[in-house]
Amino acid sequence: LSESRSGITRRDALQGVAALGLGAGLDHALFGSRGVGASSRRGIEPTVAQAAVPFHGANQAGIATPAQDYLCFAAFDLTTDAADELRLLLQQWTAAAAAITAGQLYTPASQQEDEAPEDPGEALELGPARLTVTFGIGPGALERTGLTSRKPAELRPLPSFQGDDLEPARSGGDLCVQACAEDPQVVFHAVHLLARVASSAAVLRWSQIGFGRTSSTSTSQKTPRNLMGFKDGTANIRAEEEDAMNRFVWVKRGDGPAWMAGGTYLIVRRIRMLFDVWDTTTLEGQERVFGRYKVSGAPLGAAGEFDPIDLHATRNGEPVIPASAHIRLASPQYNAGQRILRRGYSYSEATEAGTGEIDAGLFFIAFQRSPSRQFVPIQRRLAAEDALNHTTVHTSSAIFACPPGVTPGGFIGEGLFR
Ligand code: HEM
């Protein structure tokens, strides 16, 4: 390092700049005259591009946050067994996420002007676009780093379910990052940057791009449609339902290790839709699969989307909502009163040459307080009886513990190391 005339090394100066939050000056040094957050992209409202979701708080953002339109999800494998290196990675990820969710370039204290910029820069000028970055820790990470005594009983690999056709290389992981925003390039950038930041301690294992939220997670949102054309998210938990969030989503003190209080468990399932079957099913047949009308989203036998579901109603001696209907089997009435927070995205991949088949469907994401009492029994029932199984196949699966949120100066998962 070259000593400056005032006796302060360049590294000291850079650290000072970063500590003072004056990253913009250094960004200028690294990226010349290209400013940050100046404009938005075509098709994205400037007010949406400039909107930021606070990164700090009691819970991590990206869970109760009204679901944004784009997702980039990534699972990582640790390349170290040292708890100190895991801690350093979580500290660096926290710093990077705090910067980019505010629409700033990430410039670590160690950045040297003659080194490749840590931040690849493709989100420059795009604004935060409501970016949230949510971190999770997989079952293997704590054992690997000698933190087994801190492992919650709920953080167990999921059992296999009837009909699963999982691709191991696209399942599991020691750590995960869920980036959601209103701009596809902003979510890609988040994972690109965080993979780069992780490079000495973790490598990307698999990732998934999602377009189009398939759930409403706030009363302020209209219910979107999934790729089967049905409104999805109607009976979901809304962030405004504070009691339900506390009962079904946020981990409480006493549920397990203290470091998870205020956190939640994240389950992802990549569910491919078999359109050759689905697209040749009659409208009535499709509606019987879900137990709802396609256009209005109302439960069968009712008129409005949000009308109550009557699982006891019969017509000519037959249940109006069929025994194998998705909403019957997923209903709290069939699952000991349990609910989950769904926050999934539609996905679509390039068609494999010569197959003519579309690989698209739902990248299902659910947050819950207790996988063993919520997702697992619900999915067991669905896997055995759901009419939807004739037209879907689960190809990827993973579970992660999402620690609580942080205050400025803290880092995600800090409680693990106390
Ligand atoms: C490709 C797969 C899936 C599709 C297309 C799908 C679609 C839907 C649709 C259209 C609804 C009705 C509207 C609504 O309330 O949101 C619904 C409800 C629901 N789904 Fe799914 N779903 C899928 C997989 C799953 C899985 C794997 C689970 C959990 C294990 C699940 C849990 C639920 C729950 C809890 C409800 C609300 C039931 C109620 O209380 O009325 N879904 N889903």
Side-chain angles (χ1 to χ4, degrees), residues 67 158-159 161-166 210 212-217 221-238 241 244 248-249 265-275 277-278 281 286-300 302 304-311 321 325-348 359-368 371-399:
L158 293 173
F161 297 98
Q162 198 174 319
D164 274 1
D165 189 12
L166 305 183
R213 64 184 169 90
T214 58
S215 259
S216 309
T217 57
Q221 293 184 304
K222 234 180 99 184
T223 315
R225 286 184 192 275
N226 60 33
L227 299 186
M228 289 172 157
F230 275 74
K231 290 192 179 187
D232 206 332
T234 305
N236 202 15
I237 298 176
R238 311 288 151 140
E241 292 178 66
F248 299 118
V249 181
Y265 294 91
L266 162 57
I267 287 170
V268 299
R269 306 279 292 179
R270 185 172 181 275
I271 308 175
R272 183 171 179 172
M273 294 174 175
L274 307 176
F275 291 114
V277 185
W278 180 257
T281 304
Q286 294 184 355
E287 292 176 333
R288 288 176 62 80
V289 165
F290 285 110
R292 286 184 177 272
Y293 296 112
K294 191 165 192 174
V295 175
S296 68
L300 296 185
E305 184 191 344
F306 296 100
D307 285 359
I309 303 170
D310 183 356
L311 295 177
I321 296 178
H326 183 68
I327 64 163
R328 174 184 291 278
L329 298 166
S331 158
Q333 291 183 53
Y334 275 62
N335 295 288
Q338 294 290 348
R339 300 174 70 194
I340 51 178
L341 175 67
R342 290 171 284 142
R343 209 177 183 284
Y345 286 82
S346 294
Y347 80 86
S348 166
D359 178 2
L362 170 63
F363 190 68
F364 175 92
I365 299 180
F367 293 98
Q368 55 258 288
S372 69
R373 281 185 285 125
Q374 294 170 277
F375 178 83
V376 172
I378 298 174
Q379 177 54 21
R380 248 197 208 117
R381 173 165 286 110
L382 292 178
E385 300 174 48
D386 193 350
L388 193 55
N389 298 333
H390 299 297
T391 51
T392 56
V393 56
H394 291 226
T395 59
S396 153
S397 174
I399 180 170

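These numbers come from the heavy atoms of this one structure, side chains and all, not from hydrogens, waters or symmetry mates. Whatever order the structure lists them in is the order used to number ligands and atoms, beginning at 1.
Looking only at atom types and distance, the side chain of T395 has a donor-acceptor partner in the side chain of R270 under 3.5 Å away. For the residue pair D164/H394, the side-chain donor-acceptor check at 3.5 Å is not satisfied.
In this structure, F364 and F375 have tilted ring planes: the angle between them lies in the 30° to 60° band.
Each of H326, Q379, R381 was checked for a side-chain hydrogen bond (donor to acceptor under 3.5 Å, both in side chains) with D386, and the lone residue meeting it is H326. Of the listed residues (Q374, E241, Q368), just one forms a side-chain hydrogen bond (donor to acceptor under 3.5 Å, both in side chains) with R339, and that residue is E241.
Per-residue contacts place N226 under 4.0 angstrom from the following atoms of ligand 1 (heavy atoms of the residue considered): 5 (C), 7 (C), 10 (C). Near L382, meaning under 4.0 Å from any of its heavy atoms, are these atoms of ligand 1: 26 (C), 28 (C), 29 (C), 30 (C), 31 (C). If you number the atoms of ligand 1 from 1 as listed, the ones under 4.0 Å from a heavy atom of I327 come out as 12 (C). Atoms of ligand 1 found under 4.0 Å from any heavy atom of P332 (numbered from 1 in listed order, with element): 40 (O). For ligand 1, the atoms sitting less than 4.0 Å from at least one non-hydrogen atom of I271 are 1 (C), 2 (C), 27 (C), numbered in the order shown with element in parentheses. Each of the following atoms of ligand 1 lies closer than 4.0 Å to a heavy atom of F375: 30 (C). Near K231, meaning under 4.0 Å from one of its heavy atoms, ligand 1 places the atoms 10 (C), 13 (C). Within the listing of ligand 1, atoms 12 (C), 13 (C) sit less than 4.0 angstrom from a heavy atom of R292.
The two atoms that bring P224 and S215 nearest to each other are CG-N, 3.6 Å, heavy atoms only. Nearest heavy atoms, R343 versus F367: CD-CE1, 3.8 Å.
Which of T234, D232, T391, I267 comes nearest to atom 9 (C) of ligand 1 through a heavy atom is settled by distance: it is D232.
The protein heavy atom nearest to atom 25 (C) of ligand 1 is H326 CE1, 3.5 Å. Closest to atom 41 (O) of ligand 1, if we only count protein heavy atoms, is I309 CD1, 3.3 Å. Counting protein heavy atoms only, atom 35 (C) of ligand 1 is closest to A330 O, 3.5 Å. Summary of contacts: the protein heavy atom closest to atom 27 (C) of ligand 1 is Q379 OE1, 3.4 Å. Counting only heavy atoms of the protein, atom 29 (C) of ligand 1 lies nearest to F364 CZ, 3.5 Å. With hydrogens left out, the protein atom closest to atom 37 (C) of ligand 1 is R342 NH2, 3.4 Å, a heavy atom.
Within the model, atoms CZ of R225 and NZ of K294 stand 8.5 Å from one another, a figure rounded to the nearest 0.5 Å. One finds the CG atom of D232 at 9.0 Å from the OG1 atom of T223 (value rounded to the nearest 0.5 Å).
Surrounding CZ of R288 are at most 12 heavy atoms belonging to other residues, nucleotides or ligands under 6.0 Å away.
Below 3.5 Å of separation, one finds no N or O of N236 facing any N or O of ligand 1. Looking at S331 next to ligand 1, no N or O pair under 3.5 Å apart turns up. For ligand 1, the polar-atom distance check against G233 finds a nitrogen or oxygen pair separated by under 3.5 Å. Among the atoms of A235, some N or O lies under 3.5 angstrom from an N or O of ligand 1.
Of the heavy atoms in R269, none comes closer than 4.0 Å to ligand 1. Using a 4.0 Å cut-off between heavy atoms, L388 contacts ligand 1 through its side chain alone, with no backbone atom that close. Heavy atoms of R339 found under 4.0 angstrom from ligand 1: none, in either backbone or side chain. Contact annotation for T223 and ligand 1: no heavy atom of the residue comes within less than 4.0 Å of the ligand.
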From CA spacing to verdict: side-chain contact (heavy atoms from CB on, under 4.5 Å), S296, E305: CA-CA 6 Å; S296 68; E305 184 191 344; 5.9 Å; no
side-chain contact (heavy atoms from CB on, under 4.5 Å), that's the test. Do I309 and R292 meet it? Break it down for me. CA-CA 9 Å; I309 303 170; R292 286 184 177 272; 3.6 Å; yes
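Between F290 and F230, the distance from one ring center to the other falls under 6.0 angstrom.
The side-chain heavy atoms of M273 and W278, taken from C-beta on, include no pair separated by under 4.5 Å.
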